[in-house]
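Reading through the structure tokens given below for one structure.
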Amino acid sequence: MNITRAIRPVRRRRTALAFALGSLLALSLSATSAQGAALAGKGAAAEQCTMRSDGEQAIEELKRCSRTAFDTLFAQAPAGRMPHGFMRGQLLRCTACGQPAADRAFGLLAGAVYHGKDFHTDERGGHVNAVMGLDLRVFDGEVDYATYPDDGRQAIRIAYRRDTGGLVTDWIREVRPGVYAGVAILTEEGLQSWRVMDFVLYR
């Protein structure tokens, strides 16, 4: 019997369950702080999201950006170079529940669940695994260049396979050398697409 094949589906189910539970917890946390986040967002809406740093320092700059400023930065950025190898990642905002990374509880939860993505690509694309939990490579996806539906400009698309439900597509653009801002879009047949997460990938 191939033990690896037997264990892998179990790990995938456990990781998917952990991610789902984490999302539900983030939604419950938003009930107590969504009002404060909305007020803070009004004051920051007119601010620009200026990126001057690379690596981990770039993360702190993105965390200080309002959603409006983040959207402007994403809309103006080029698709950038196709990422290769392991890229560390952080969730910036649960856009589905209005929860920013600055919220300590959400930040701790997101950091425990999501670690980044492992790209197996050439200049045109390839495939990727999300890295979650205890360094598990899960949620296979296909990577290529495509037109981002919201603005008609090119971005890097990560379309996940049907073993994750076939509903989530990530879109990323390179906002600094080796730093990619991303949005996760949930789509389901017959329903309007909606954005669930903002995130960042970096070296």
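The figures that follow rest on heavy atoms only: side chains count, while hydrogens, waters and symmetry mates do not.
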Would you indicate whether the side-chain heavy atoms of [Y] and [X] approach each other to under 4.5 Å?
X	Y	result
Thr72	Gln48	no
Leu73	Asp71	no
Arg67	Arg195	yes
Phe74	Asp198	no

Looking only at heavy atoms, what is the nearest atom pair of [X] and [Y], with distance?
X	Y	result
Gly85	Asp118	C-OD1, 3.6 Å
Phe70	Cys49	N-CB, 4.3 Å
Ala181	Val175	CB-CG1, 3.8 Å
Ala79	Ile156	O-CD1, 3.6 Å
Leu201	Gly89	CD2-CA, 4.0 Å
Tyr145	Gln154	CB-NE2, 3.6 Å

Next on the checklist: Listing request: all salt bridge (Lys or Arg N to Asp or Glu O under 4.0 Å) pairs with a residue in residues 145-158, at least two apart in sequence or in separate chains.
Outcome noted: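 Every pair satisfying salt bridge (Lys or Arg N to Asp or Glu O under 4.0 Å) with a residue in residues 145-158: Asp144-Arg157, Asp151-Arg173.
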Item to check | Separation between CG of Leu62 and CZ of Arg93, rounded to the nearest 0.5 Å | outcome: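 Answer rounded to 0.5 Å: 9.0 Å.
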Checklist entry - Looking at OG1 of Thr169 and CH2 of Trp171, how far apart are the two atoms once the value is rounded to the nearest 0.5 Å? => result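 The distance works out to 7.0 Å.
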Item to check | Check: Phe86 ring centroid to Phe119 ring centroid under 6.0 Å | outcome: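 For Phe86 and Phe119, the ring centres are not under 6.0 Å apart.
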Checklist entry - Listed by chain and number, what are the side-chain hydrogen bond (donor to acceptor under 3.5 Å, both in side chains) partners of Glu142, not counting sequence neighbours? => result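 Only Arg161 meet the side-chain hydrogen bond (donor to acceptor under 3.5 Å, both in side chains) criterion with Glu142.
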Next on the checklist: If the condition is side-chain hydrogen bond (donor to acceptor under 3.5 Å, both in side chains), which residues does Arg203 pass it with, not counting sequence neighbours?
Outcome noted: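 If we apply the side-chain hydrogen bond (donor to acceptor under 3.5 Å, both in side chains) test to Arg203, skipping adjacent residues, there are no hits.
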Next on the checklist: Quick check against the 3.5 Å criterion: does Glu60 have a side-chain atom that pairs as donor or acceptor with the backbone of Arg64?
Outcome noted: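 A pair under 3.5 Å: no.
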Checklist entry - So, Glu61 and Arg52, do they make that salt bridge, N to O below 4.0 Å? => result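 No.
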Checklist entry - Between Asp170 and Tyr160, is a side-chain contact (heavy atoms from CB on, under 4.5 Å) present by the stated rule, with each step listed? => result CA-CA 8 Å; Asp170 291 341; Tyr160 292 98; 2.7 Å; yes
Checklist entry - Using the ring of each side chain (for Trp, its six-membered ring), is His120 parallel, tilted or perpendicular to His127, with breaks at 30° and 60°? => result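 Rings of His120 and His127: parallel, as their planes differ by under 30°.
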Item to check | Between Tyr202 and Asp54: side-chain donor-acceptor atoms closer than 3.5 Å | outcome: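 Checked: Tyr202/Asp54 side chains show no N/O donor-acceptor pair below 3.5 Å.
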Checklist entry - Does the pair Lys117 and Asn129 meet the rule for a side-chain contact (heavy atoms from CB on, under 4.5 Å), with working shown? => result CA-CA 6 Å; Lys117 300 182 189 294; Asn129 300 108; over 6 Å; no
